[in-house]
Amino acid sequence: MKREEIEEKYKWDLSKMYKNKEEFQKDFQEVKQSLPEIEKYKGKFLENAEIFLEFMNLLEKINRKLEKLYTYAHLAVDVEPENAEMQELNANILGLAEETANKTVFIDLEILKNEESAKKVIENENCKKYTNMINHILRTKPHILSDETEEVLTMASGVIGSSYKTYSNIRPEFEPVIIDGKENFLNEETVKEFYKNPDEQVRKQAYEKLNIQYKKMANVYASTLEGTMKKDVFYSKIRKFKSPLDASVFGDEVTEELFYKVLENANKTYHNYYLEYLDVVKKLMNKDVLDMYDLRYPIVKEPSKKYTLDDAFELIYEATKKFGPEYTEIMKKAREERWIDYMPHEGKRHGAYSSGCYDSNPYILTSYIEDVESIFTLIHELGHSAHTYLSNHNQEYANSDYRIFVAEVASTVNENLLMQLLIQNCTDKEEKKYLYFKRLDEFIGCCYRQPFFAEFENKLHIKAANNEGLSNQTITDLYEKLSEEYYGGRVRIHELSKYSCYGVPHFYYNYYVYKYTVGMCVSSVIAKRVFNGDKNQIENYLNFLKSGSSKSPVELLKMAGVDPLDENLYKEAFENFKADLEEFKKLI
């Protein structure tokens with residue numbers, strides 16, 4: 001299907017931002033002409049509150065227009081990649097954004113050098129909204145080096161960080177999977193479909209052909225992974241952090257305690273629940289020991305039931321109605337004001353997302369194909385959009401953009417609420433089996449698989465910090481050992497299994513994966529309380545959605561009614577998983 005064949009009501013309406021190219025160019029030129037004004041404040045913007053506020057107003061004006069321009073251009077390109085005019089606009093915006101970043105690089109440095117002046121400025125009532133911004137910069141002071149060293153680090157960053165770039169440019173070619181005598185294309189994406197094949201030999205063939213290629217290129221992958229670990233160690237040491245982990249959690253304003261708490265609960269305290277799940281899978285697949293390629297096999301088939309968009313929105317309104325009329329109105333606005341681009345078509349970007357800025361609607365890209373997965377995707381992205389909408393409408397620009405650490409809470413709370421509703425209303429046993437299986441599988445992905453990855457990544461960082469070489473042998477032997485512990489004898493560790501670590505890009509993300517676990521535990525607990533009508537939880541959660549980045553991530557989660565440092569959060573979340581597992585056992 002081509003985009004022009006789709007009815008307008010199924011496409012997002014970007015004219016709310018810019019009606020035509022002339023309006024776009026007007027903002028573009030205004031930003032470009034404003035950039036020289038920034039130079040006037042260099043060395044002066046902290047002199048007093050009046051000058052500071054004047055400068056911040058100028059920056060806000062520039063940044064808001066720049067973000068609006070970028071949002072419009074990238075949304076347009078994502079649905080019409082062949083539109084040369086939009087491609088040009090998008091390229092121009094990226095260039096303008098880079099120019100703006102270069103013009104404003106002095107801001108943080110001057111705040112760090114003039115701490116007392118910065119603190120005095122935000123004592124002024126009109127400047128208090130910039131308190132978080134100033135404090136966030138000042139807390140980095142112990143880790144900022146001399147101007148000369150910082151300049152050298154900036155110049156060397158491309159070389160120091162080249163390992164991930166090399167990794168991302170590796171394009172392994174896998175042998176095709178043969179099914180009924182026909183060759184089928186295999187890569188990291190298509191393998192997911194082969195793992196769903198009921199023929200075990202197809203799953204095995206796909207698994208082996210994927211990982212044998214990682215084995216062939218193992219030394220290259222080991223080199224890029226070692227380079228990434230050494231890069232993180234280098235930056236943590238030169239910036240005077242205790243460890244790479246300490247450096248990573250510093251950016252999220254959390255501590256190492258949270259990281260280790262997540263690993264302790266997932267990999268030890270409640271790990272037996274996952275092993276119980278594997279026992280159920282073994283029974284359903286009639287196998288004494290599972291193989292690695294069985295782990296992504298859908299032991300319960302997805303129902304063929306179809307849902308129109310009307311059906312989907314009725315379920316979405318019902319699932320989120322406990323949040324009250326204001327939240328429901330946002331869901332309705334998203335549909336009626338055409339925030340959403342629904343239909344798959346030629347050239348459209350794959351996947352789904354919610355994207356917007358302070359001066360636009362929070363637009364959603366998705367590919368709706370009338371199955372239950374499409375509804376889950378839609379309500380997930382609507383969760384992001386509602387979070388953005390409420391933050392933007394309740395916070396000033398300076399505190400509106402919530403942090404990545406809490407970004408997935410709103411989306412997964414919505415998914416959990418939809419799941420609760422579907423399970424409660426389900427009368428078909430097979431459909432209910434699927435719903436429980438889906439919820440168990442998603443919890444495992446976030447709350448068991450990711451902490452396993454996190455433990456592996458942490459051990460690699462520790463080895464690198466201790467100047468231990470990270471050869472292919474060292475890396476793969478460690479992964480194999482941790483895999484054996486993780487699967488507890490329920491899964492056969494294939495000779496090629498240890499090389500699968502080279503297909504996981506998350507090991508290059510500097511301690512990112514444990515955040516999935518925090519987000520899922522938080523959303524599991526919040527959603528269950530909300531579904532059960534806990535009025536305090538509902539009020540707390542809505543306040544969280546309205547708070548943007550006005551507090552640190554941990555403070556925001558506490559505001560939402562959950563404390564990521566409290567053992568009870570993880571107990572409640574993993575017990576929810578255990579309860580789902582018991583219900584699933586009864587159904588089968």
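Atoms considered below: every heavy atom in the structure, side chains included; atoms not considered: hydrogens, waters and symmetry mates. Just so it is clear, the structure is predicted and the values come from calculations on it, not from any experiment. Positions are given from 1, in the same order as the sequence printed here.
- Side-chain atoms of Asp13 come within 3.5 Å of backbone N or O of Ser15 as a donor-acceptor pair.
- Using a 4.0 Å cut-off between charged nitrogen and carboxylate oxygen, Lys333 and Glu337 count as a salt-bridge pair.
- Scanning both residues, Pro553 and Phe405, for their nearest heavy atoms gives CB-CD2, 3.7 Å.
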- Task: Would you check, one step at a time, whether the test side-chain hydrogen bond (donor to acceptor under 3.5 Å, both in side chains) holds for Glu555 with Ser552?
- Result: CA-CA 5 Å; Glu555 289 173 327; Ser552 73; 3.2 Å; yes
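- Between Asp341 and Lys348, the closest side-chain pair of non-hydrogen atoms falls below 4.5 Å.
- Taking 4.0 Å as the cut-off between side-chain N and carboxylate O, Asp252 and Lys515 count as a salt-bridged pair.
- Closest approach of Glu431 to Pro303, counting heavy atoms only: CG-CG, 3.8 Å.
- Heavy-atom minimum distance, Asn576 versus Ser524: ND2-OG, 3.1 Å.
- For Ile93 against Ala73, the heavy-atom pair with the smallest separation is CG1-CB, 4.5 Å.
- Annotation: side chain to side chain contact (heavy atoms under 4.5 Å, CB included) contacts of Met331 (sequence neighbours excluded): Ile316, Tyr317, Thr320, Tyr327, Leu382, Ala386.
- Here the side chains of Lys528 and Gln420 are in contact, with some heavy-atom distance below 4.5 Å.
- Partners of Lys321 according to the salt bridge (Lys or Arg N to Asp or Glu O under 4.0 Å) rule, which considers only residues two or more places apart in sequence or in another chain, are Glu318.
- Two rings, from Tyr72 and Phe24, have their centers less than 6.0 Å apart.
- One finds the CD1 atom of Ile423 at 11.5 Å from the OH atom of Tyr434 (value rounded to the nearest 0.5 Å).
- Considering CH2 of Trp12 and CE of Met17, their distance stands at 8.5 Å, rounded to 0.5 Å.
- Closest approach of Gln213 to Pro172, counting heavy atoms only: CG-CB, 3.8 Å.
- Asp279 has a carboxylate O that lies under 4.0 Å from a charged side-chain N of Arg490, or vice versa, which qualifies the two as a salt bridge.
- In this structure, Tyr541 has its ring center under 6.0 Å from that of Phe323.
- Partner Tyr274 forms a ring pair (Phe, Tyr, Trp, His ring centres under 6.0 Å) with one of Tyr486, Phe574, Phe577, Phe443 and no other, that one being Tyr486.
- Counting non-hydrogen atoms of other residues, nucleotides and ligands closer than 6.0 Å to NZ of Lys209 gives a total above 12.
- Tyr195 is listed as a side-chain neighbour of Leu210, based on a closest heavy-atom distance under 4.5 Å.
- Aromatic pair Phe544/His387: centroids less than 6.0 angstrom apart.
- Looking at Asp563 and Leu557, their side chains never come closer than 4.5 Å, going by heavy atoms from C-beta outward.
- Salt bridge status for Glu442 with Arg449: absent, with no side-chain N to carboxylate O gap under 4.0 Å.
- We find that Lys2 and Glu5 are not joined by a salt bridge, their nearest charged nitrogen and carboxylate oxygen being 4.0 Å or further apart.
- For the atom pair CD1 (Ile379) and OG (Ser374), the distance works out to 13.0 Å, reported to the nearest 0.5 Å.
- Figure legend: Lys68 and Tyr358 shown without cation-pi pairing, the cationic atom not lying both under 6.0 angstrom from the six-membered ring centre and within 45 degrees of its axis.
- Atom NZ of Lys585 is separated from atom OH of Tyr436 by 14.0 Å, given to the nearest 0.5 angstrom.
- Ionic pairing of Glu567 and Lys571 is not present here: no N-O contact between side-chain nitrogen and carboxylate oxygen is shorter than 4.0 angstrom.
- Between the Gln87 side chain and the Asn83 main chain, no donor and acceptor come within less than 3.5 Å of each other.
- Under the 3.5 Å distance criterion, the side-chain polar atoms of Asn90 are left unmatched by any main-chain donor or acceptor of Met86.
- Scanning both residues, Ser385 and Pro362, for their nearest heavy atoms gives OG-O, 3.0 Å.
- A donor-acceptor contact shorter than 3.5 Å is absent between the side chain of Ser400 and the backbone of Gln395.
- Taking a cutoff of 4.0 Å between a charged side-chain nitrogen and a carboxylate oxygen, Glu200 and Lys287 qualify as a salt bridge.
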- Applying side-chain contact (heavy atoms from CB on, under 4.5 Å), run through Tyr448 and Tyr270 and close with a yes or a no. CA-CA 9 Å; Tyr448 285 114; Tyr270 300 104; 4.1 Å; yes
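- Lys438 has a carboxylate O that lies under 4.0 Å from a charged side-chain N of Glu373, or vice versa, which qualifies the two as a salt bridge.
- Aromatic rings of His506 and Tyr511 (six-membered ring for Trp) have centroids beyond the 6.0 Å cut-off, not under it.
- Stacking of Arg203 on the aromatic ring of Phe194 is not recorded, the 6.0 Å distance cut-off and the 45° axial limit not both being met.
- Using a 4.5 Å heavy-atom cutoff, the side chains of Leu545 and Tyr402 are not in contact.
- Here OH of Tyr70 is found 8.5 Å from CG of Leu75. Values are rounded to the nearest 0.5 Å.
- With hydrogens and angles left out, the side-chain atoms of Ser549 and Asp401 include no donor and acceptor closer than 3.5 Å.
- Ion pairing between Lys433 and Asp428 fails under the 4.0 Å rule for side-chain N and carboxylate O.
- The residues Glu430 and Lys301 are annotated as not salt-bridged, no charged nitrogen and carboxylate oxygen being separated by less than 4.0 angstrom.
- A distance below 6.0 Å separates the ring centres of Tyr514 and Phe259.
- Under 4.0 Å is where a charged nitrogen must lie from a carboxylate oxygen, and between Arg338 and Glu8 at least one such pair does.
- In this structure, the separation between NE2 on His380 and OG on Ser411 is 3.5 Å, given to the nearest 0.5 Å.
- Ion pairing between a basic and an acidic side chain is recognised when a charged N comes within 4.0 Å of a carboxylate O; Lys432 and Glu583 show no such pairing.
- A salt bridge links Glu189 with Lys192: at least one charged nitrogen is closer than 4.0 Å to a carboxylate oxygen.
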- Task: Take Tyr353 and Asp78 through the test side-chain hydrogen bond (donor to acceptor under 3.5 Å, both in side chains) and record every step on the way to the result.
- Result: CA-CA 11 Å; Tyr353 62 67; Asp78 283 351; 2.6 Å; yes
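- Shown here is Glu183, whose CD atom has no more than 12 heavy atoms of other residues, nucleotides or ligands within 6.0 Å.
- With respect to the salt-bridge test (charged N to carboxylate O, under 4.0 angstrom), the residues Glu575 and Lys578 do not qualify.
- The aromatic rings of Tyr487 and Phe452 sit tilted, their planes meeting at an angle between 30° and 60°.
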